[in-house]
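In what follows, a structure is listed as structure tokens, so that the remarks can point back to it.
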There are 2 protein chains.
Amino acid sequence: MCIAGGMIRDIGGGSEIATGRSEGSHRGVRPVATHQHLYYEGDDRTHVFVVESGWVKLYRTLIDGQRQIVGFANAGSVLGLESEDAYCNGCEAITPVAMLAIPVERIRDLSRTDAKFADDLLRQVGRQLGAAQRQIATIGVQSAEQKLATFLISIADLCGAGAGGEFDLPMRRGDMGEFLGLRVETISRKMTEFQRRGWISMPSVYHCRLLRRDILEELADGGEIEVSPVRCA
Amino acid sequence: MCIAGGMIRDIGGGSEIATGRSEGSHRGVRPVATHQHLYYEGDDRTHVFVVESGWVKLYRTLIDGQRQIVGFANAGSVLGLESEDAYCNGCEAITPVAMLAIPVERIRDLSRTDAKFADDLLRQVGRQLGAAQRQIATIGVQSAEQKLATFLISIADLCGAGAGGEFDLPMRRGDMGEFLGLRVETISRKMTEFQRRGWISMPSVYHCRLLRRDILEELADGGEIEVSPVRCA
DNA sequence: CGCGCGGTTGATCAACCTCAACCCGCGTGG
DNA sequence: CCACGCGGGTTGAGGTTGATCAACCGCGCG
């Protein structure tokens, strides 16, 4: 992980923020059902959202109908900061979600009056940017196998998988594919292959357990290089 | 382009900002030679940089030595906001560059005292995030041909190619490959193919002219979908 | 001159896509 | 109750795109 001091709270998209501050914890928290949209691509950007619980996916659509998921986000993520006048992503709940909707004007006001808030906001977007760049690296250079390994580890961490490495996949195979730039069939094949090799086990389609995290990590970007290459001095 | 009201000033990475404000136009502007690094991956993040002129590339390296360029940036881009304690990208000048280095503490101070500055900064990172997500979509779903078309159009716009569609490519074939997730050979082949079909002409290796921008645009994400899909109402 | 670097081109190969079949669980309606 | 359809997942066979490996060219430079 490129970002030290603070776990990234989502993949490719949002990131952590001090949840439940500056608004009180439950004032204005709204529930969103699975498959409901928080917003669509092209909608007027009226609000910024803070995810309180649950998972959403952020995606873009090309004219030919192809879709690319640019990120998943869970509790703590702030959504909508990448857009200006109109949302440039669609945002759909993939589990039941509780979220806080903050009008954009309010964001401006809060930023002006509360330096700490503005600071947090900037850091938050910065992290999202870092995560997005990391995702670019993943889908740009990695093989299907590496992509999947990277993905499983990230999700496991986000789900707070314990020492046992057990967690629930909050998304379908198709979503994983659209996120990693792979077809559903490829995801499926590699998942069964990982099982066959004893690296993971899947008690059910959406429940996963990492048996050999070490191997997966090695396979994954397993580590981007953290240190500088030789300096020209 | 997903971002309305304001041209994106780079691809996948930085974006525009009011250049030459809040510091005076030439106070502290430093020159950087081609192939010199502004910073390396893992370096302590001491400064944020504003590009005044020239081009830089932002990249990440994986342990297996593969590199992915996560963005190019030119005049107006602010660099280093995606990082926290340490730079999570390397940043190298690919042309002679003039840049402004702002200590991170100064950024904090300026943000606190100058609401307008903080606002600009947030918008700037937001745009970079939008551009990064766009890049994710490009390398995730598009074919080599589509990627190249998308890339040429973006670069042409950034270089301010006029009606004639003429511009100088500021980077090598290899950099284009590392940005698009393709090999040099593939870039080379597709470029000559584009020429053979009369879509572009290349008077020299680094000088390009778009003859049939229309075709390239159609080929490219040519348009992400701007409007919302049918609403569930 | 000789070398190295970057670009182009060709031949081959394999990773991943595509298309198609099949399974399973579930909700719906006869 | 069962038949049915549907959506999502898995598996198989075959095709295509882009990677790989290798040769060659042109150019700048010591």
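Everything numeric here is computed off the predicted structure, so don't read it as measured data. Below, chain A is the first sequence line, B the second, and so on; all start at residue 1.
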Using a 4.0 Å heavy-atom cut-off, does A/Leu182 contact any base of the nucleic acid, only the sugar-phosphate backbone, or nothing at all?
sugar-phosphate
Nucleotide of D/dG18, D/dT10, C/dT9 approaching B/Lys190 most closely (side-chain heavy atoms):
D/dG18
Output the rounded distance in Å from CE (A/Met171) to P (D/dG9).
12 Å
Looking only at side-chain atoms of A/Ser143, point me to the closest of D/dG18, C/dC16, C/dT18.
C/dC16
Pairwise 5' ranking along DNA chain D for A/Thr192 and A/Arg172, keeping only the more 5' one:
A/Arg172
Check: A/Thr46 main-chain N/O paired with A/Asp44 side-chain donor or acceptor under 3.5 Å
no
When the distance from CZ of B/Arg183 to P of D/dG18 is rounded to whole Å, what number comes out?
13 Å
Distance in angstrom units between B/Gln142 CD and C/dC17 P, rounded
15 Å
Strictly distance-based, threshold 3.5 Å: is any side-chain N or O of A/Gln133 a donor or acceptor partner for the main-chain N or O of B/Arg60?
no
Out of C/dA11, D/dG18, C/dT8, minimum distance to the side chain of B/Arg189 belongs to C/dA11
Report yes or no: does A/Gln124 contribute a side-chain atom to a donor-acceptor pair with the main-chain N or O of A/Val78 at less than 3.5 Å?
yes
Starting at atom CG of A/Leu148, determine the distance to atom P of D/dG9, rounded to an integer number of angstrom.
14 Å
Please tell me if the side chains of A/Phe194 and A/Glu145 come closer than 4.5 Å, counting only heavy atoms from C-beta onward.
yes
Reckon A/Thr186 has a side-chain N or O less than 4.0 Å from the OP1 or OP2 of C/dC17?
yes
For atom CD1 of B/Ile187 and atom P of C/dG7, their distance in whole Å:
11 Å
Would you state whether a donor and an acceptor, one from the side chain of B/Glu185 and one from the base of D/dC21, lie under 3.5 Å apart?
yes
I want to check one thing: is the phosphate of D/dG8, taken as OP1 and OP2, less than 4.0 Å away from some side-chain N or O of A/Tyr206?
no
Rounded to whole angstroms, how far apart are CZ on B/Arg173 and P on C/dT9?
11 Å
Between P of C/dC17 and CD of A/Gln66, the distance in whole Å:
11 Å
Rounded to whole Å, CD of A/Glu193 lies from C1' of D/dT10 at a distance of 14 Å
For B/Gly177, which contact category applies under a 4.0 Å heavy-atom criterion: base, sugar-phosphate, or nothing?
nothing
Exam field: side chain B/Gln68 to backbone B/Tyr59, donor-acceptor pair closer than 3.5 Å
no
